[in-house]
Amino acid sequence: MKFLYIQDIDIAFSRKWAESLTASLGKEFAFADADSLQELRDPDLLSKSLQEQDVDLIFIACKNDRRIIQRFLNSCRSLRIPYIFLTDTMSKLSVLAHSESPINRISAPVSRLEEEVHKAEIISSLMRYTSCKTILLIASDYGSKAQQNTNRIISFLNKNIPDRIEDIIRVSAIKNSDNLYKEVSARQRELTPDIVVWTASREYGLDDLIFGPSERYVISHSLIPVLLLNPRDDLFSLCD
């Protein structure tokens, strides 16, 4: 089992932080140059190749350019493993790379979408192997779905890491589920997280094709690494 670092550009401190996180989770670190990976042109081929290589997670180090970010997002649409974006404008990377722990706080926004419960598994893994706390930023909706999703995440964490449940912090968002992506980056200086866990779009609508999906906005405006999860129906039952 290993983590793969895909380098599109050389970003100061990003590889050091990625190696630190890999070591803290007890995984093997591997490196690849983006130009040498022909699989990036075919999402299904990339997914198959990573599975054959026993890769559990990938890091993508790239320039903060919307076309470049979107190119990698398109490449990762079929992945069933987490993928972390590291861009050249994530100013907190230099601090994280020199800290004792690669992650001290996780920001995990929770919307009304059912696939939000996917985050429970990766949060559990990160908290199990590091001393980090998790901030659940709960969307301010008229309905109760976001709250229900939050309760399901906490229930899963309580079963898997019962000794760490006090390190789960609930924070009410100002914006609703549709606009939560704008608040994630805006409140980073206030909430001081070290990584964002975000669920990628299930499908791209017309607005996403014209203006870009919410995950691209989060990545391009973030000061910290952004971990993305693709929606997976087979994980819902794990978090009931």
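For the single chain, residues carry numbers from 1 onward in sequence order. When reading the values below, keep in mind they use all heavy atoms of this one structure, side chains included, and skip hydrogens, waters and symmetry mates.
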Report task. Establish, from distance only, whether the side-chain atoms of Y83 and N230 form a donor-acceptor pair under 3.5 Å. Result -> yes
**Report entry** T199 and L228: CA distance, side-chain angles, deciding distance, side chain to side chain contact (heavy atoms under 4.5 Å, CB included) verdict
**Finding:** CA-CA 6 Å; T199 304; L228 293 181; over 6 Å; no
Query raised in the report: Side chains of S107 and Q188: do they bring a donor and an acceptor to under 3.5 Å?
Result: no
Query - Side-chain donor or acceptor of S155 paired with backbone N/O of R152 under 3.5 Å - result: no
Query - E215 side chain vs S201 backbone, donor-acceptor pair below 3.5 Å - result: yes
Query raised in the report: Counting distance only, does the side-chain N/O of D194 pair as donor-acceptor with the main-chain N or O of N104 below 3.5 Å?
Result: yes
Query raised in the report: Is there a donor-acceptor contact under 3.5 Å from the side chain of S220 to the main chain of Y217?
Result: yes
Query - Check: L229 main-chain N/O paired with K119 side-chain donor or acceptor under 3.5 Å - result: no
Query raised in the report: Does any N or O in the side chain of S177 come within less than 3.5 Å of the main-chain N or O of R112, such that one atom is a donor and the other an acceptor?
Result: yes
Requested in this report: Could you give me the CA-CA distance, side-chain angles and deciding distance for Q70 and N74, then say whether side-chain hydrogen bond (donor to acceptor under 3.5 Å, both in side chains) is met?
Outcome: CA-CA 6 Å; Q70 190 61 56; N74 293 341; 2.9 Å; yes
Requested in this report: Decide if atom OH of Y129 counts as having more than 12 heavy atoms of other residues, nucleotides or ligands within a radius under 6.0 Å.
Outcome: no
Report task. Please list, chain by chain and in numerical order, all residues satisfying salt bridge (charged side-chain N to carboxylate O under 4.0 Å, His left out) with E100, sequence neighbours excluded. Result -> none
Requested in this report: Could you tell me which residues satisfy salt bridge (charged side-chain N to carboxylate O under 4.0 Å, His left out) with K63, sequence neighbours excluded, listed by chain and number?
Outcome: D88
Query raised in the report: Can you name the one residue among L136, L137, V117 that meets side-chain contact (heavy atoms from CB on, under 4.5 Å) with T150?
Result: L136
Requested in this report: Flag yes if V95 and F85 sit in one hydrophobic cluster, no otherwise; membership is Ile, Leu, Val, Met, Phe, Trp, Tyr, and two members link when side-chain heavy atoms are under 4.5 Å apart.
Outcome: no
Requested in this report: Check whether any side-chain N or O of S222 sits under 3.5 Å from a backbone N or O of I219 as a donor-acceptor pair, and report yes or no.
Outcome: no
Kindly list each side-chain donor-acceptor pair under 3.5 angstrom involving residues 34-41, sequence neighbours excluded, with atom names and distances?
from : atom 1 : to  : atom 2 : distance (Å)
S36  : OG     : D33 : O      : 2.7
Q38  : OE1    : R41 : NH1    : 3.3
E39  : OE2    : S49 : OG     : 3.3

Query raised in the report: To the nearest 0.5 Å, how far apart are CG in D65 and CZ in R71?
Result: 9.5 Å
Query raised in the report: Does the separation of the ring centres of Y181 and H221 fall below 6.0 angstrom?
Result: no
Report task. Could you tell me whether a side-chain N or O of N149 sits under 3.5 Å from a main-chain N or O of E116, the two making a donor and an acceptor? Result -> no
Requested in this report: To the nearest 0.5 Å, tell me how far I224 CD1 sits from I106 CD1.
Outcome: 10.5 Å
Query raised in the report: Cut-off 3.5 Å, side chains only: do E28 and T22 have a donor facing an acceptor?
Result: no
Requested in this report: Using the test side chain to side chain contact (heavy atoms under 4.5 Å, CB included), find all partners of D54 that sit at least two apart in sequence or belong to another chain.
Outcome: M1
Report task. Anything under 30° is parallel, anything over 60° is perpendicular, the rest tilted; go ahead and classify H98 against F13. Result -> perpendicular
Query raised in the report: Hey, any chance I6 and L45 share a hydrophobic cluster, counting ILVMFWY side chains that come within less than 4.5 Å of each other, even indirectly?
Result: no
Report task. Look at the side-chain heavy atoms of Ile, Leu, Val, Met, Phe, Trp and Tyr, link any pair under 4.5 Å apart, and say whether L113 and L227 land in one connected group. Result -> no
Report task. Can you establish whether the number of heavy atoms outside Q51 located under 6.0 Å from its atom CD is more than 12? Result -> no
Query - Backbone of T89 reached by a side-chain donor or acceptor of N64 within 3.5 Å - result: no
Report task. For the pair I84 and V226, evaluate side chain to side chain contact (heavy atoms under 4.5 Å, CB included) and give the outcome as yes or no after the intermediate values. Result -> CA-CA 5 Å; I84 298 179; V226 177; over 6 Å; no
Query raised in the report: Would you call the rings of F59 and F3 parallel, tilted or perpendicular, where under 30° means parallel and over 60° means perpendicular?
Result: perpendicular
Report summary line: The complete set of salt bridge (Lys or Arg N to Asp or Glu O under 4.0 Å) pairs with one or both residues in residues 124-143, sequence neighbours excluded, reads none
**Report entry** Aromatic W17 / basic K92 pairing, under 6.0 angstrom, 45° off normal
**Finding:** no
Requested in this report: Report the residues that fulfil salt bridge (charged side-chain N to carboxylate O under 4.0 Å, His left out) with R187, sequence neighbours left out, ordered by chain and then residue number.
Outcome: E183, E190
Query raised in the report: Tell me, do F31 and Q7 make a side-chain contact under 4.5 Å, heavy atoms counted?
Result: yes
Query raised in the report: Counting N and O atoms only, with roles assigned by atom type, does the side chain of D167 sit under 3.5 Å from a partner on the main chain of C132, one being a donor and the other an acceptor?
Result: no
Report task. Apply side-chain hydrogen bond (donor to acceptor under 3.5 Å, both in side chains) to D44 and S78, showing your working. Result -> CA-CA 6 Å; D44 292 331; S78 298; 2.9 Å; yes
Report task. Report the distance from atom CZ of R105 to atom CD1 of I169, rounding to the nearest 0.5 Å. Result -> 4.5 Å
Query raised in the report: Among L4, L57, D56, L50, which residue meets the side-chain contact (heavy atoms from CB on, under 4.5 Å) test with I81?
Result: L50
Query raised in the report: CZ of R170: more than 12 outside heavy atoms within 6.0 angstrom?
Result: yes
